[in-house]
Amino acid sequence: MTEHTFSILKPDATRRNLTGAVNAVIEAAGLRIVAQKRIHMTSAQAGKFYEVHSERPFFGELVEFMTSGPVVVQVLEGENAVARYREVMGATNPANADEGTIRKLFAESVGENTVHGSDSQENAALEIAQFFSGLEIVG
Ligand code: ATP
Ligand code: MG
């Protein structure tokens, strides 16, 4: 089934000029980038985005990291895009990520792990709506 998922290239990726390199892995995996923009998140935006983690000990560090530099927010389209992109990203901790995954290739640590991808279709819809209007998604 053709789906949409929400992706973020995190500040460690933009800092190291890896936008194109990460996008090449995404496209090689058969996912299509149907919306994309570079933004600098405010603390309010990052806090809202990661609200589910607000009680976790790393929440403050996570918001600080996500606002430390520009990010690239994206909508990806493809067959089973939510699950497919999670596979392409690899495990949260790059030390546990499979060969060839974005996090194995590029991530520096469990915190600075290069990409975000939605974990369910429901969250994908909510996350896309936080950053994109329907008119900005061109499939
Ligand atoms: P994401 O939601 O960013 O796609 P994920 O679903 O693989 O990643 P989550 O458990 O949702 O992982 O954690 C969200 C983010 O919080 C992680 O991507 C990472 O940046 C950060 N994070 C998770 N665990 C830790 C930790 N132990 N220490 C520091 N940061 C962490
Ligand atoms: Mg997550």
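Atoms within a ligand are numbered from 1 in the order they appear, just like the ligands themselves.
- Considering backbone and side-chain N/O atoms, H116 comes within less than 3.5 Å of an N/O atom of ligand 1.
- K48 has no carboxylate O lying under 4.0 Å from a charged side-chain N of E51, or vice versa, which leaves the two without a salt bridge.
- In this structure, M89 is part of the shell of residues with a heavy atom less than 4.0 angstrom from ligand 1.
- Between L62 and ligand 1 there is a heavy-atom distance shorter than 4.0 Å.
- Separation of the Y50 and F65 ring centroids does not fall under the 6.0 Å cut-off.
- Neither the backbone nor the side chain of M66 has any atom closer than 4.0 Å to an atom of ligand 1 (non-hydrogen atoms only).
- With F132 as the aromatic partner, K37 meets the cation-pi criteria of under 6.0 angstrom to the ring centre and within 45 degrees of the ring axis.
- Under 4.0 Å from ligand 1, the heavy atoms of R103 that appear belong solely to its side chain.
- Counting only non-hydrogen atoms, the option in T92, V110, N123 that gets closest to atom 19 (C) of ligand 1 is V110.
- Looking at V52, N93, N113, it is N113 that brings a heavy atom closest to atom 18 (O) of ligand 1.
- For the residues F58, Y85, F65, the heavy atom positioned nearest atom 29 (C) of ligand 1 is part of F58.
- Note on R16 versus E112: no salt bridge recorded, every NZ/NE/NH1/NH2 to OD/OE distance being 4.0 Å or above.
- Considering E127, E3, H4, R86 as possible partners of S118, the one that fulfils the side-chain hydrogen bond (donor to acceptor under 3.5 Å, both in side chains) test is E127.
- Using a non-hydrogen distance threshold of 4.0 Å, K10 registers as a contact of ligand 1.
- At the top of the distance list for atom 11 (O) of ligand 1, counting protein heavy atoms only, stands H53 NE2, 3.0 Å.
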